[in-house]
Every structure is written in C-alpha cells, then in structure tokens.
Amino acid sequence: MWCLDYLVRNVLWSLLAWTSLTSTASAHLTSTSDALAVHSSVPLPPSQDPRYRAPVGFESYPPGAILRLRKAAGNLSTITGNCSSVYNILYRTTDSRYRPSWAVTTLFLPSKQLSSNTALLSYQLPYNTMDVDQSPSYSLYSSQPSGAGPSNGGAFQIADNSLTDIGNALGRGWFVTVPDFEGPSAANVAAIQEGHATIDSIRASLRSGLGLDKTSRVALWGYSGGSIASEWALEFQEQYAPELQIHGAALGGLVANNTRCIYVVDGTPLAYIAVGAIMGPVIQYPEAYERLVSQLKTSGSHNKTGFLAAKKMSPTQGFAAFYNQSIFDYFVNGSAVLYDPLIRQAHLENQFMTYHGVPRSPVFVYKAIKDEATPIEDADYYVNRNCMLGANILYERNSVGGHLDEMVNGLPRAVAWLESILDGTYSDRYNAHGCTIRNVTVSTVNSGT
Ligand SMILES: *[C@@H]1O[C@H](CO)[C@@H](O)[C@H](O)[C@H]1NC(C)=O
Ligand SMILES: *[C@@H]1O[C@H](CO)[C@@H](O)[C@H](O)[C@H]1NC(C)=O
Ligand SMILES: *[C@@H]1O[C@H](CO)[C@@H](O)[C@H](O)[C@H]1NC(C)=O
Ligand SMILES: *[C@@H]1O[C@H](CO)[C@@H](O)[C@H](O)[C@H]1NC(C)=O
Ligand SMILES: *[C@@H]1O[C@H](CO)[C@@H](O)[C@H](O)[C@H]1NC(C)=O
Ligand SMILES: *[C@@H]1O[C@H](CO)[C@@H](O)[C@H](O)[C@H]1NC(C)=O
Ligand SMILES: *[C@@H]1O[C@H](CO)[C@@H](O)[C@H](O)[C@H]1NC(C)=O
C-alpha cells in the first residue's frame with residue numbers, strides 16, 4: 001500500500017509539473033522511467049550515468065522541484081545500517097552565478113521512524129573534490145564504516161566516518177539527506193552554489209512523498225568543507241527559501257574565510273585544500289577559469305598538468321599528491337594569481353561568511369582553538385558578528401587538538417545538540433537566546449592535526 005501510494009503521488013506530481021513545460025521538454029519528461037523509481041543493481045559513476053543529468057527544460061521548474069527520483073542502485077541501505085531504503089533525487093537548484101542548475105541528493109530512510117514527528121538531518125559531507133565521480137551519491141558506496149574515527153588518518157577516512165554518522169542518525173529515527181552540493185561541475189568551495197544546492201536538497205526531500213513533509217523538523221550538520229555548504233544554506237535561507245523552516249545548524253571546523261585557508265594550508269600536509277579553494281570557486285565562471293589556467297606554468301615540476309590533474313582525483317589521492325607542496329609554485333606569478341581581477345571577483349563572491357544573511361535558527365559552532373587549517377580568529381569573527389545581529393549561537397572553543405581531531409572530539413556534543421533540535425527539546429536544554437561562548441577541554445583524540 002505504501003509503495004502504491006508513493007507511486008501514485010509521484011506520477012501525479014510529474015504529470016502536474018510536466019504540463020507547465022514546453023512540448024520539447026515534455027517529450028523528454030514523459031517517459032515514466034524518468035519520474036518513477038527504477039532500481040538498478042550496479043551504481044554508475046555520475047559521469048557515466050545517463051540519469052545523472054537534468055532533463056531538457058529543467059530550467060523552468062522552481063528551485064527545489066524534483067526532476068528525477070529513483071531508488072538508489074545496489075545495497076547502500078545495507079552498507080549504512082539502520083536504514084530501510086535509499087533514494088536518489090535529482091532536483092532543480094541555482095549555481096554560483098545565479099543561473100538555473102541542478103544537483104542530486106541521496107535520501108536515507110530510517111528503518112524505525114520517530115512516533116512523534118518526522119525529522120530530517122541535512123548532512124553535508126566534506127567531500128572536497130573537483131571530480132564529479134567523487135560526489136557522495138557515488139563515493140559512499142566505496143567505503144565501509146570503520147567506527148574508529150580518524151586516528152590521524154584524518155582526511156583520508158572522512159567517507160568512513162560519514163557512513164558511521166549516517167548510520168547513527170538513522171538509528172535515532174531521523175531521515176538523512178546527503179546532497180552532492182558541489183553540483184554537476186564539482187565546484188568545490190563554490191559557496192553560493194553549495195548553499196543553494198543544500199537548501200534545495202531539503203526542499204526536494206520534504207516533497208518526495210517518502211515520509212517527510214513541510215511539518216518535519218530539519219537540522220543542518222556539516223564539518224569543515226561541509227560547514228561551508230551548511231552555513232551558506234543558513235545565510236541564504238531567508239532570501240532564497242523564506243517558506244522553508246530550518247530548526248538549527250551544527251557547524252564544526254567552520255571555514256569562515258577561504259582566502260585565509262588558502263594561505264594557511266599552503267606548504268602543509270593539507271595543501272590539497274588550497275588547490276580546491278583556488279580552483280573550485282572559479283569553475284562556474286568560464287573567463288576566470290580560463291585566466292587561472294593561463295597563469296599556470298607550462299614547464300618544471302609544478303606545472304599546469306600537475307595542477308589540473310586534481311580534477312580527476314579523490315580527496316585521498318589529492319592529499320597525497322599535493323602533500324606539503326607550495327601551491328603558489330604552480331603559478332607564473334605565485335600568489336599574485338589571487339589578485340587577478342577576474343579570479344579575485346569569483347573568490348570574493350564565494351569566500352566569506354556573514355555577508356548574505358543572519359541565521360534565524362539556533363547554531364552550534366565547535367572549533368579547535370589550535371585549528372591549523374582554518375584559524376580560530378575567523379570563527380570568533382563569525383560568531384561575534386552574528387551575535388551583534390541577534391543570532392542565537394552556542395560557540396565552543398576546544399583547547400585540545402587540531403582541525404581533524406575536532407571532528408572526533410566535537411562529535412558527541414554535536415549529536416546531542418542536533419538531537420535537541422530534532423526532538424524539540426532545544427530550549428529546555430540550551431540557552432535559546434543570544435550567544436553562549438565558552439572554552440572547553442575535550443580530548444578524545446589529540447594528534448594536533
Ligand atoms: C553490497 O554489495 C556488494 C557487491 O554488490 C557486496 O560485495 C557486499 O558484500 C554487499 N554488502 C552488504 C553489506 O550486503
Ligand atoms: C544504529 O543506530 C544505533 C543508535 O544510534 C547505533 O548505536 C548503531 O551503531 C547504529 N548501527 C549502524 C550499523 O550504524
Ligand atoms: C580573510 O583572510 C584574508 C587573508 O588572510 C584577509 O586578508 C582578509 O581580510 C580576511 N577577510 C575577512 C572578511 O575576514
Ligand atoms: C611536511 O611539512 C611539515 C610542516 O608543515 C613538516 O613538519 C613535515 O616534516 C613535512 N613532511 C615531509 C614528509 O616532508
Ligand atoms: C606576471 O607579472 C609580470 C610583472 O608584473 C607581468 O608582466 C606578467 O604579465 C605577469 N604574468 C602573468 C601570466 O600574469
Ligand atoms: C609536469 O609535472 C609533472 C610532475 O608533476 C612532470 O612529470 C612533467 O614532466 C612536467 N611536465 C613538463 C612539461 O615539465
Ligand atoms: C577562552 O580562552 C581564550 C584563550 O585561548 C581567552 O582569551 C578567552 O578569554 C577565553 N574565553 C572564555 C569565554 O573564557
């Protein structure tokens with residue numbers, strides 16, 4: 001019965017949507033397989049998946065509209081645990097240049113739902129890549145949960161930890177939606193794109209007919225690269241999705257100023273982050289991208305080929321390939337590349353938090369004081385600026401550990417906080433007004449990284 005109900009609702013939805021399209025577009029959307037769940041046994045990399053593409057005419061749908069919906073291929077629900085089924089939703093969104101675009105989210109359904117209300121965790125995975133085939137909708141298949149945390153394997157085990165987080169969230173009865181927020185151009189650190197795609201993944205999940213609706217409670221969660229997508233969603237919500245209620249956001253390892261991040265990680269084990277932070281935001285600006293490529297050296301050990309190879313790397317490969325390198329060595333005029341007017345403009349539009357809006361739901365920010373990738377000063381600035389404008393923030397600065405350590409050290413506090421948001425007990429358990437800023441000492445791991 002449930003399946004039938006679901007099919008009927010989606011057929012109706014697609015027919016209604018279809019009537020508003022032009023005849024050319026409708027010819028492509030009418031095939032029922034476009035609108036209905038089709039289960040295939042083998043997951044395909046997005047670049048080779050004919051269904052990881054927007055149907056013709058998608059531009060005329062409103063942001064958040066579902067363009068395709070299918071049961072996720074293979075046995076992702078078994079890999080995750082606590083899960084009854086998993087769906088891929090391809091939906092309309094808006095890119096960094098405010099043009100119509102699209103993205104895919106993976107929606108996990110809990111095997112046991114909450115009896116009181118339905119809850120959706122919008123989980124932004126720090127997938128740090130410029131290769132669309134490393135998007136979570138596909139990369140999540142390639143790892144098994146380790147449950148051990150990054151005992152300084154750090155960035156290399158991010159996918160493993162994400163599966164554990166998703167399994168635990170499902171075990172609490174939450175639905176979990178995991179967007180490929182960088183979109184089809186794998187625009188890493190393209191914050192406007194990422195914020196929009198995150199918001200629209202929530203809209204699409206709520207209207208999927210899979211158990212959620214507009215009364216569901218919604219929380220955002222993201223660490224590091226995932227904090228960018230989550231926070232920008234929060235900043236854009238009031239102007240881009242005024243109808244949407246987001247009940248709270250947990251932001252770890254906050255990346256409030258990407259330009260600073262580029263300088264700070266350059267020449268360190270995390271140098272690959274700088275490659276993405278320099279190249280990612282210009283991918284959707286063709287002139288700026290062309291300029292960037294024209295500034296790359298054509299000979300020597302740090303050359304164009306080596307730099308652009310990052311576009312076909314997983315984060316694991318990227319961290320290894322650029323380990324301890326000076327990324328500015330790839331450019332003819334070194335760090336001056338950041339001051340080229342075209343490149344700088346694309347960066348400025350996408351790199352600084354707090355300029356697009358004030359969070360109107362509670363926020364939990366957790367950060368290592370000695371974060372070596374994204375300095376604590378930028379998070380302090382973020383919190384102070386929003387507090388002056390009336391935000392409700394709990395900000396915990398941990399005296400122990402570095403950037404990747406805090407992903408583990410902050411985990412139990414983040415989950416407890418999210419739980420209060422999703423079960424509606426937040427104002428009983430936390431200060432629901434103004435800002436609470438405190439130093440904490442939590443040392444589950446302390447590798448300094
Ligand atoms: C998932 O499927 C793969 C291959 O199709 C198989 O090797 C693996 O054992 C399955 N995992 C689970 C947990 O069922
Ligand atoms: C299922 O959820 C419970 C409760 O959150 C958790 O303890 C358990 O580890 C989860 N199992 C998996 C496989 O994720
Ligand atoms: C961001 O960091 C850069 C590089 O350190 C700095 O010049 C700039 O003033 C910072 N911007 C903001 C808004 O904090
Ligand atoms: C990488 O750079 C760090 C300093 O950022 C240094 O401590 C470390 O020894 C370097 N590692 C290698 C293998 O060169
Ligand atoms: C590098 O800087 C020099 C001197 O400022 C300038 O003449 C040259 O055009 C620059 N090269 C590039 C590729 O921008
Ligand atoms: C470019 O750099 C790579 C190493 O990253 C090297 O193997 C290759 O020979 C270089 N190409 C040129 C033209 O120097
Ligand atoms: C937290 O510690 C810093 C030093 O790292 C100190 O300057 C600051 O006053 C402390 N903040 C609070 C709220 O205790």
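This chain uses plain numbering: 1 for the first residue, then up along the sequence. Side chains included, hydrogens not; waters and symmetry mates left out as well; all remaining heavy atoms used. As the structure lists them, so they are numbered: ligands from 1, and atoms in each ligand from 1.
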Write none if no such pair exists; otherwise list each N/O atom of ligand 4 with its protein N/O partner under 3.5 Å and the distance.
{"residue": "ligand 4", "atom": "2 (O)", "partner": "N324", "partner atom": "OD1", "Å": "2.9"}
{"residue": "ligand 4", "atom": "2 (O)", "partner": "N324", "partner atom": "ND2", "Å": "2.4"}
{"residue": "ligand 4", "atom": "11 (N)", "partner": "N324", "partner atom": "ND2", "Å": "2.8"}
{"residue": "ligand 4", "atom": "14 (O)", "partner": "N324", "partner atom": "ND2", "Å": "3.2"}

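A cation-pi arrangement is present between R385 and Y355 under the rule of less than 6.0 angstrom and at most 45 degrees off the ring axis.
Close N/O approach between N303 and ligand 6 is found [any backbone or side-chain N/O within under 3.5 Å].
For ligand 3 and N257, the ligand atoms under 4.0 Å from any heavy atom of the residue are 1 (C), 2 (O), 3 (C), 8 (C), 10 (C), 11 (N), 12 (C), 14 (O). Within ligand 3, counting atoms from 1 as listed, the ones closer than 4.0 Å to a heavy atom of F352 are 1 (C), 11 (N), 13 (C). For ligand 6, the atoms closer than 4.0 angstrom to any heavy atom of S299 are 14 (O).
Side-chain atoms of D200 and Y240 include a donor-acceptor pair closer than 3.5 Å. Side-chain contact, E231 with Y382: a donor N or O sits under 3.5 Å from an acceptor N or O.
Ligand 3 does not have Y381 within reach: every non-hydrogen atom of the residue lies 4.0 Å or more from it.
Outside the 6.0 Å centre-distance limit, the rings of H302 and F331 are not counted as a close aromatic pair. Taking the six-membered ring for Trp and the full ring otherwise, the centers of W417 and Y426 sit less than 6.0 Å from each other.
Residue S301 touches ligand 6 through its backbone alone, judged by heavy-atom distances below 4.0 Å.
For R97, the side chain to side chain contact (heavy atoms under 4.5 Å, CB included) partners are D95, R99, Y285, P286, not counting sequence neighbours. Legend: residues meeting ring-ring contact (aromatic ring centres under 6.0 Å, His included) with H356, ordered by chain and number and at least two apart, are W232, F236. Applying the ring-ring contact (aromatic ring centres under 6.0 Å, His included) rule to Y263 yields the partners F328; only residues at least two apart in sequence or on another chain are considered.
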